[in-house]
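What follows is a short report on a single structure.
Order of listing sets the numbers, starting from 1, for every ligand and every atom in it.
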Amino acid sequence: MYSFRALAVIAFSLTASFANAQAPDVVEQSTGFNSSFALSTSQIEAASLSPETANRVNTVINFDRSQLANGGPAEDSFYQLPPLNDTTTALKPGILLKVQDFTNTTSFVTPPNTALSRILYTTTNFNGTVIPASAFILWPFSPKPFKQTPTGPARNENSTVKAPAILWTHGTSGFFASHAPSSHRALWYADAAPFALALAGYAVVGPDYAGLGISKSWDGADIPHQYLLSSASAHDALYAMEASLAAFPDRLDARFVTMGHSQGGGVAWGVAEVLAAKGDGEFKTLAEGYLGAIAGSPTTSVFSGLPGFILPWVGMMLRGIFPDFELSQWLTPLGIARTQLLKEVEGGIGVGTQLYLQAGEDVVRADYDETSWHAGAYARLANAGGRPFRGPLLVVQGTRDLYIPYDVTTATVRGTCDANPAGDLEYLVVNGTGHVPTLDATRPIWLQWIEDRFEGRALEKSGCARTDLASFLPLDRYQSVGNSFPQFAGLPEFSYQVPLGP
Ligand SMILES: *[C@@H]1O[C@H](CO)[C@@H](O)[C@H](O)[C@H]1NC(C)=O
Ligand SMILES: *[C@@H]1O[C@H](CO)[C@@H](O)[C@H](O)[C@H]1NC(C)=O
Ligand SMILES: *[C@@H]1O[C@H](CO)[C@@H](O)[C@H](O)[C@H]1NC(C)=O
Ligand SMILES: *[C@@H]1O[C@H](CO)[C@@H](O)[C@H](O)[C@H]1NC(C)=O
Ligand SMILES: *[C@@H]1O[C@H](CO)[C@@H](O)[C@H](O)[C@H]1NC(C)=O
Ligand SMILES: *[C@@H]1O[C@H](CO)[C@@H](O)[C@H](O)[C@H]1NC(C)=O
């Protein structure tokens, strides 16, 4: 479906003499890996892995690495930082560093008739240090036309309509450079949001979040991904939007809706909070184009998830925020050894699952919350919710979400509404849907919500309001979990796998 070379063969066969048409080679392989990684004996010993776990980790790493377009940030020259012009003046956030206007999508699995650009730009970490980061922009074939807009469609100097923008904040992809959605063949969230949005006519601006994509600053300092710190990633998102507008002033509409899911649901909510705090100051110009935010299944309570999942991931970077923190305050020696391995292999969520969630192995100290104050303090810094926000905000939550409990989101919504009785927050509860599948179940609703914002319509429900959504057919008839992924078939010998391609 996505093979340029297969496409060329077929285009050739239609335009030139059929006698010259040549069938491509066919190779038996549908999910083969483009990676042959294996843990070393010393890595297996140091992390106390059983042979079975070591094998599983190898398999997951080979799968993850096979999803990297162009070999990922380690190999793709796009991610190399350009030198600084002038090291005597202080670097500002929101500055464009590099534009890849045309990103060749041959090794991505983006839908036909979408186009990709990528940028490098500056953002800040939690303590205000300016650091580089990366982002993608997925372009529609044709910008979505609106029936009405308050000021008419945005046009450039040649009267060409600009593409309405969605600032898309992704859910957890990992913690290291190679987990940048901009280097993932499917931009990480694929059909669940970015593809759906681009196919609906929006330009999708997708920040990777600092630390994903680029892991070292100009001075060689590490850029740890400040995991689940909603305000830090919200700054990454807002600066990505500023830099994208600077990169594509004639193509990108300054009006935008922010939309995110899971970790990125917390970030989208964080964008609404940062704009409430700084929308008349630092982000004044950007805020003029802001139309609202959608927070899907948002992270609003860092430690409400499984400790074996969250504590090692947050703990890896916590010293950058609390310099006196020691990983040994949260993790057992086994947990520390596994975390060391996770860093060495740049493991993602799938590797983390294998390293931290083995039955009978304790990686987290049972007393982590008693012996150290850091968890409570981090939650207060990191969590979205309960603060002033710039509305309107649509919060979408399924009742059968295993990762973000419905009760947690409901409590955050209640607390936020109590603190902001005049705020426009609609809480859409979907009865019976799980974490990412809630996005699929509600696609027509959020697409309509976005359209209404661009068309300047009044909210259907103002103030704090709840909407309940139930399935059309009995719930047990629906496919409830995601069980497929977009598989790269972009080499000629696999073109038989994508008969719908050309
Ligand atoms: C396969 O992986 C290699 C090494 O990472 C990379 O350079 C290459 O681009 C990948 N091939 C495809 C088709 O993605
Ligand atoms: C470097 O200089 C160019 C040309 O003056 C400018 O457009 C760009 O913004 C500068 N980059 C940074 C990071 O300051
Ligand atoms: C994209 O990359 C492929 C593979 O390297 C190449 O064959 C093709 O010509 C490139 N497309 C464009 C438009 O540059
Ligand atoms: C407008 O059209 C002119 C002439 O075709 C072209 O040179 C210019 O780049 C266009 N500007 C934009 C913003 O597309
Ligand atoms: C900010 O954090 C970095 C590490 O991420 C640290 O090196 C630096 O000293 C911190 N700056 C301040 C002002 O806390
Ligand atoms: C979901 O639907 C079931 C069956 O109709 C009902 O019992 C339950 O209360 C609903 N849950 C919520 C949170 O509305």
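Interatomic distance, CG of Asp440 versus OG1 of Thr442, reported as 8.0 Å (0.5 Å rounding). The distance from atom OG1 of Thr467 to atom CD of Glu426, rounded to the nearest 0.5 Å, is 3.5 Å. A distance of 4.5 Å separates CG in Leu138 from OG1 in Thr114, rounded to the nearest 0.5 Å.
Of all protein heavy atoms, the one lying nearest to atom 14 (O) of ligand 1 is Arg185 NH2, 2.9 Å. In terms of protein heavy-atom proximity, atom 13 (C) of ligand 1 is nearest to Phe488 CE2, 3.6 Å. Protein heavy atom in closest approach to atom 8 (C) of ligand 1: Asn34 ND2, 3.8 Å.
The ligand atoms of ligand 6 that sit less than 4.0 angstrom from a heavy atom of Tyr406 are 13 (C). For ligand 6, the atoms lying closer than 4.0 Å to a non-hydrogen atom of Asn431 are 1 (C), 2 (O), 3 (C), 8 (C), 10 (C), 11 (N), 12 (C), 14 (O). Below 4.0 Å from some heavy atom of Thr399 lie the following atoms of ligand 6, by number and element: 13 (C). Close contacts of ligand 3 with Asn104, meaning ligand atoms under 4.0 Å from a residue heavy atom, involve 1 (C), 2 (O), 3 (C), 8 (C), 10 (C), 11 (N), 12 (C), 14 (O). Those atoms of ligand 3 that come under 4.0 Å of a heavy atom in Thr106, given as number and element, are 1 (C), 2 (O), 3 (C).
Of all the heavy atoms of Glu75, the ones lying under 4.0 Å from any atom of ligand 1 belong exclusively to the side chain.
Within a 4.0 Å radius of atom 11 (N) of ligand 6, the protein contributes at least one heavy atom. Within the 4.0 angstrom cut-off, atom 5 (O) of ligand 6 has no protein heavy-atom neighbours. Put simply, atom 2 (O) of ligand 6 has protein non-hydrogen atoms near it, under 4.0 Å away.
Ring pair Tyr202/Trp168: centre-to-centre distance not below 6.0 Å. With ring centers used as reference points, Phe108 lies 6.0 Å or more from Phe136.
Within 6.0 Å of CZ in Phe78 there are more than 12 heavy atoms belonging to other residues, nucleotides or ligands. Heavy atoms from other residues, nucleotides or ligands lying under 6.0 Å from CZ of Arg443 number more than 12. Dense packing is recorded around CD of Gln340, with more than 12 heavy atoms of other residues, nucleotides or ligands lying under 6.0 Å away.
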